[in-house]
Amino acid sequence: MSLLKIRNLTVEFDTAQGPFRAVDGIDVEVSEREVLAIVGESGSGKSVSMLAVMGLLPPTAKITADEITYAGRDMLKMSGAERRKIIGKEISMIFQEPISSLNPSFTCGFQIEEVLHRHLGLKGRAAKARALELFEAVGIPDPERRLKSYPHQLSGGQCQRVMIAMAIACKPRLLIADEPTTALDVTIQKQILDLLMGLQEEYGMGLIMITHDMGVVAETADRVSVQFKGRKMEEADVLSLFEAPQHPYTRALLAALPENATGDRLLTVADGWEGVQ
Amino acid sequence: MSVILEGRDITRDYIVSGGFMRGAKTVRALHGISFSLEQGKTLAIVGESGCGKSTLARILTLIDPANSGDLIIEGEKIDIATRKVTSDLRAKVQIVFQNPYSSLNPRQKVGEVLTEPLIINTDVPAAERRKRAEEMLVKVGLERQHYNRYPHMFSGGQRQRIAIARALMLNPQILVLDEPVSALDLSVQAQVLNLLKDLQDEFNLTYVFISHDLSVVRYFADEVMVMNSGEVVEYASRDEIFTNPQHDYTKTLLAATPVADVDKIRERVARRKALFEGA
């Protein structure tokens, strides 16, 4: 069943040079138990389209779409209050910079209990117990002590685990991960990806993985949508995309991977493709 | 081939404050690093944050002194703790930093960025400085008229080209590249790596290439030194490291690096299908 469906999403920002179209008619659809990877380079609009759905863009952004539905409910017609009931509970999001997405002035325990209180009405001892459970579920060592720690006392990988614990606190049906491992070391990246995929399989969540790393796509996605300059270039299941990429831009991106180097030089997107500019 | 850069048992300590009313502590960031590098080759230093690779970069670039051990450049022992770095020496080793958004002064025009090393280290006259800077811009794939522009007018990849141009202004023999492409998009990364290869061929440059990305290292390096918590855990040729890694940490790093391999994808897709259809 389709969990989130977006048709013809456009996001524009006003700039001194006139309106800038960051997202230009994107369609996204993700089902339960499915991992959709949205791949693209900076400026491809991959993050902006998801922020638009979450209602996290500044009011200056002009968002239009033919359809944004979550589990059959029209999100375009929703009031702010209705939307807030869904966001953070049924749809949640984790971001690239774990250390800066946590509030430095409160303990990790406080921040996760706040989510539990707001969405599930848990308080006091019940909230503490659930927070501890969640910290254990995401593999934070010494969870009892960590609940009382401030974000700056944790490493980047630990902070990302705290973010994931907050994101899954209400057992969301859809998780949006915006470059969740870009700021992390490779061995930590592996742990976080394994954790995310484990949780996705356990809960049967829909997962949208926003990334620029084709390696991460290869190791997580079921389906892949390739974006460039606010437009969708290609969408395919992960195997077809890597085996037989259809769009020249996708082919150029894959050729630019160092592991695909033929001979002494890397192909660049400019060598391979002078298409939609 | 002659050895141009050599380290023998280099150590480096940092003194950190232990906190209020407590004594200072010494943290050893490098435990006896030894290596030797031939002219025209690339040595990759691989490791995760905190492993000491940037500390080593600072020592090799003559920014910080080592606490003990020898740094030998072209057969000459260099100790910047006791002797001031001469302009000649400074010209031999240059560095390119990771983030081209913070390594360029936003108030300096590109021309000033490129001519500053010449002003400080040489007595080349102004007209000649300008000429050399413009030629260097062309060499790194930019244009002469970029001389009068500011860094904010360039993209990330172009800025990294400016940083590379700056490092090359003194005709160095050794270039320390501290994660030069990790802040760049994939396609731009490929362009910058190609540029670095071309420049290496043209000027017979020796590279110390610091990276955490093993797929880039595999493409780029001749020799690889894997570091963990200030120690070298494995040091071998690229082929040996990638085909026959010896140390457990190297194996862990290799296993953790995501690869776009079609067979692995097929396996994963099949496993997931079985999981969800069985449920």
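In what follows, every chain begins at residue 1, and chains take the letters A, B, ... in the order their sequences are listed.
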Shorter than 4.5 Å, heavy atoms on both sides: which option in [options] has the most such pairs with chain B?
options: A:V186, A:D213, A:L193; answer: A:V186
options: A:E219, A:K190, A:Q191; answer: A:E219
options: A:G40, A:G215, A:G43; answer: A:G215
options: A:M214, A:H212, A:Q200; answer: A:Q200

Please report the interatomic distance CG(A:L207) to CG(A:D222), rounded to the nearest 0.5 Å.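 The CG atom of A:D222 is 9.0 Å from CG of A:L207, to the nearest 0.5 Å.
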
So, taking the atom named CD in B:Q160 and the one named OG in B:S182, what distance separates them when rounded to the nearest 0.5 Å?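 These two atoms lie 8.5 Å from each other.
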
What part of [X] gets within 4.5 angstrom of chain A, counting heavy atoms only: side chain, backbone, both, or neither?
X: B:L193; value: side chain
X: B:D198; value: side chain
X: B:V269; value: side chain

Under 4.5 Å from a heavy atom of chain B, the part of [X] involved:
X: A:T220; result: backbone
X: A:Q189; result: side chain
X: A:V217; result: backbone

Less than 6.0 angstrom separating the ring centers of A:F20 and A:F13, yes or no?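 A:F20 vs A:F13: aromatic centres not under 6.0 Å.
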
What do the steps show when you test B:F154 against B:H146 for ring-ring contact (aromatic ring centres under 6.0 Å, His included), and what is the final call? CA-CA 9 Å; B:F154 294 90; B:H146 290 157; 5.1 Å; yes

Does any donor atom in the side chain of B:S211 or B:D213 lie under 3.5 Å from an acceptor atom in the other side chain?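 Judged by distance alone, the side chains do not pair up.
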
Taking every non-hydrogen pair under 4.5 Å, which of B:R218, B:Q189, B:H212, B:R268 racks up the most with chain A?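 Of the candidates given, the most pairs with chain A belong to B:R268.
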
So, do B:F276 and A:E201 sit near enough that their side-chain heavy atoms are less than 4.5 Å apart?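 A side-chain contact under 4.5 Å exists here.
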
With B:I33, the side chain to side chain contact (heavy atoms under 4.5 Å, CB included) member among B:R12, B:K53, B:M227: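 By the side chain to side chain contact (heavy atoms under 4.5 Å, CB included) criterion, B:I33 pairs with just one of B:R12, B:K53, B:M227: B:M227.
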
Dump the intermediate steps for ring-ring contact (aromatic ring centres under 6.0 Å, His included) on B:F220 and B:F209, then the final yes or no. CA-CA 9 Å; B:F220 203 73; B:F209 186 85; 4.6 Å; yes

